[in-house]
Amino acid sequence: MDLRAFADEVGTDDPVTITGLGTRGGGVVDARCVQAPSGIEWIEADEMRISCAAGTPVDALNEALARHGQRVALPPGGTVGGALAVGHSGVRLLGDGALRNTLLQARYVDANGTLITAGGPTVKNVTGFDLCRLLVGSRGTLGFIGDVILRSRPIAPTAQWFTVETNDPWSALSRLYRPVSVLWNGTTAWVLLEGHAADVAAQAALCNLQAADVPEVSGHRHVITPAEERTLRGQFLCQLGTGIVYTDQPSFTAASPTPGRTGLARAIKTQFDPTGRLNPGVVVG
Amino acid sequence: MNAALLDELRAALDPKRVHSDPSTTGLYRRDASNITGTAGAVCFPTSTAEVVACVQACARHNTPFVARGSGTGLAGGATPLDDAVVIVMTKMNRLLSVDTVNRLAWVEPGMLNLDLSRAVAEHGLHFAPDPSSQQSCSVGGNVANNAGGPHCLAEGVTNAHILALEVVLSDGSVVELGGESAEVDGYDLRGVFVGSEGMFGIATKICVRLTPLPPAVKTMLLDFDTVDAGAHTVSAIIAAGIVPAALEMMDQVCVGAVEAFVHAGMPTDAAAVLLIEVAGLPAGLAVDVDLIAEIGRGHGARTIRVAANEAERALLWKGRKSAFGAIARIKPNYYLHDTVVPRRQLPRVLAEVYAIAERYELIVLNVFHAGEGNLHPLLVFDKREPGALDRVHRAGEEIVRACVAAGGVLSGEHGIGLEKRDFMPLMFSPEDLAAQAALRRAFDPAGLANPHKVLPSPAGCADVHAVPDGVWI
């Protein structure tokens with residue numbers, strides 16, 4: 001894909017922001033707003049990888065991939081670029097692993113309007129320092145993603161949500177073999193199992209799980225340690241074993257970044273965007 | 001070596017754990033690569049505080065330092081240049097804590113990869129990255145190189161298994177990167193530190209993600225009359241929606257060497273052998289085994305063997321993991337390469353590798369992670385033969401160029417180090433490399449952590465260090 005027009009649009013001087021479908025809040029105010037191109041470049045099921053522009057809707061990508069029996073591990077809704085820039089997995093975090101592992105290569109426009117290639121095109125690659133890691137979760141403060149190569153994976157033959165009333169969801173977490181998700185609100189657990197139908201049924205029977213609809217997940221997302229999940233009280237829904245909690249409260253007693261971390265984060269921002277023109281006002285710790 | 005720096009190192013650590021005698025520094029001049037440098041001093045810290053003290057002493061004297069684990073790296077990443085201080089992490093090898101429910105553990109960086117898996121096996125867990133050197137390589141080294149291994153096809157390389165790191169930066173400050181949560185907010189400093197080859201700082205504590213041992217495993221051996229048939233089978237398995245736990249390939253020369261050494265019953269007359277492992281719950285496993293067998297037969301597999309028991313499975317894996325040792329039966333020396341190509345390019349690239357070896361009159365063995373297209377051509381030679389090493393280097397360069405031209409990358413799991421540093425422009429523009437250098441400056445503005453590795457020297461700048469013996473460049 002030719003990203004020169006996108007790079008020119010990002011430009012070199014003025015404060016600039018980027019938006020996709022706006023599902024995660026869109027761009028910042030008081031800055032010129034650009035949009036990344038959109039569209040699927042190619043799908044290579046036998047390589048388990050796809051290439052698309054950052055503005056491609058995640059749902060459209062997964063619809064196209066489903067025809068090859070595959071999917072990408074990005075949460076539904078919004079654009080591919082938005083999902084990567086925010087870097088939050090959905091409820092499948094336990095089974096799929098962190099969203100950041102999905103990105104193999106990115107081409108992004110830096111603060112000088114230059115197109116930079118990060119990472120590499122193959123499923124396995126340790127060539128140089130992996131700038132893809134830096135882009136995921138950086139909220140557009142270091143560069144604007146133009147297009148990407150993502151790892152895809154097969155869709156399991158069977159997927160089913162289950163539920164069980166329990167005050168000890170950890171026993172299910174320990175006994176089940178690699179559940180995709182275990183959600184818990186203090187009294188009820190919801191479990192997503194995937195695989196061969198007979199294996200899913202046997203696993204469900206092991207923990208007395210009953211088939212259920214997809215649970216509703218809403219609220220503000222917070223990060224704690226997995227061990228702290230045992231201390232949760234009141235209204236909450238946690239992704240067991242991951243340290244991700246959703247509550248109605250906008251703020252939460254989460255550990256604040258240590259001074260050393262903050263210093264490193266500032267140094268990185270200074271190196272990549274010395275004038276602070278990319279997504280001005282957004283601070284990533 | 002600066003006497004004042006030595007005095008400060010001896011004051012910070014037990015003097016018995018600081019060495020500057022040539023017999024010791026000579027031992028630490030290189031890693032498992034062919035590349036030799038020079039060490040000014042060798043320190044063996046036992047705590048984060050001692051690592052901080054070593055790094056601070058180096059910073060005061062503007063002297064570079066190189067962190068070293070077991071020294072099994074193959075790209076010269078732990079080779080010290082310009083009398084750098086080698087900080088050996090092997091005495092920091094404790095398992096600090098294990099959370100069996102949330103499946104994570106804190107370890108010190110010198111802990112050996114296999115020791116970690118053995119220590120948590122009683123809880124039904126293991127550390128998924130399994131490089132062939134796993135009996136001797138350290139978790140800290142795995143972090144530095146973002147190490148792989150056969151089972152990384154399904155589980156991902158080291159980066160996917162590291163949750164948090166305590167690191168000492170080159171100014172002596174201690175920072176925790178990442179966290180026990182599966183997905184912390186902020187820049188992924190943990191993620192960029194993994195694979196930074198010791199150039200961002202020194203990891204002193206590592207929080208690893210542990211993976212459940214599978215309830216059932218099937219290990220299969222398929223053999224083929226042509227390398228092409230084996231390679232096409234690999235692509236077809238992946239396209240069919242199966243992600244085996246491991247999918248390895250050995251060619252005829254390799255099988256011959258291994259069989260003479262291990263006696264695993266591998267067919268020595270086959271052009272290619274696939275070692276395929278599927279793991280998981282029993283019903284899905286049975287379906288996968290049948291489908292793999294069907295795909296194999298469709299591609300002309302001569303025999304399809306499924307290991308009947310754990311002993312047979314262990315023997316097949318011993319064959320695979322002994323490949324490098326078995327090679328000594330052919331010639332005394334070998335040069336192991338590590339590149340990745342898209343799977344569908346395997347037949348074409350392998351043919352090219354054979355042609356290159358033939359042109360340089362070298363024997364080449366191929367034993368590799370076929371599921372990921374991660375090639376490991378092994379050039380076998382006798383360095384006492386005049387010109388042999390030179391031919392090996394020239395053939396190696398052609399192999400690397402052919403792989404990148406086929407849409408591949410310079411390294412899949414060994415890293416860049418010194419070995420492939422000057423090939424980086426094959427994959428990256430000057431602007432791309434400048435961005436990587438900027439990231440390093442953020443971590444190490446003084447440039448004291450393992451300098452001169454990974455990133456090529458900017459054109460026009462005089463090389464500040466002596467080009468070490470054995471390097472290709």
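Convention: sequence-line order gives letters A, B, ...; per-chain numbering from 1.
With a threshold of 4.5 angstrom between heavy atoms, A:Leu99 approaches chain B through its backbone and through its side chain. Of the two parts of A:Arg266, neither the backbone nor the side chain holds a non-hydrogen atom closer than 4.5 Å to a non-hydrogen atom of chain B. Neither the backbone nor the side chain of A:His68 has a heavy atom closer than 4.5 Å to any heavy atom of chain B. Both the backbone and the side chain of A:Thr117 have a heavy atom closer than 4.5 Å to some heavy atom of chain B. Both the backbone and the side chain of A:Leu173 have a heavy atom closer than 4.5 Å to some heavy atom of chain B. In this structure, chain B has a heavy atom under 4.5 Å from the side chain of A:Arg230, while its backbone stays farther away. Both the backbone and the side chain of A:Glu44 have a heavy atom closer than 4.5 Å to some heavy atom of chain B. With a threshold of 4.5 angstrom between heavy atoms, B:Glu413 approaches chain A through its backbone and through its side chain. Residue contact with chain B, scored on non-hydrogen atoms closer than 4.5 Å, involves the backbone and the side chain of A:Leu134 alike.
B:Glu155 pairs by the side chain to side chain donor-acceptor pair (under 3.5 Å) definition with A:Arg178, not counting sequence neighbours. Scored by the side chain to side chain donor-acceptor pair (under 3.5 Å) test, A:Thr141 finds B:Tyr187 as partners (sequence neighbours excluded). By the ring-ring contact (aromatic ring centres under 6.0 Å, His included) test, B:His369 pairs with B:His376, sequence neighbours left out.
Counting only N and O atoms by type, the side chains of A:Ser89 and B:Glu183 include a donor and acceptor under 3.5 Å apart. A donor-acceptor pair shorter than 3.5 Å can be found between the side chains of A:Arg133 and A:Asn101.
Note: A:Trp184 and A:Trp170 have perpendicular aromatic rings, judged against thresholds of 30 and 60 degrees for the angle between ring planes.
Among B:Gly412, B:Gly407, B:Gly195, B:Ala239, the residue making the largest number of heavy-atom pairs under 4.5 Å with chain A is B:Gly412. Ranked by heavy-atom pairs shorter than 4.5 Å toward chain A, the options B:His123, B:Glu431, B:Glu180, B:Arg190 are led by B:Arg190. Note: B:Ile238 leads B:Val174, B:Ile238, B:Asn145, B:Asp288 in heavy-atom pairs under 4.5 Å with chain A. Ranked by heavy-atom pairs shorter than 4.5 Å toward chain A, the options B:Gly241, B:Pro342, B:Ser173 are led by B:Pro342.
Residues of residues 151-160 of chain A having a heavy atom under 4.5 Å from any heavy atom of chain B, listed by number: A:Pro154.
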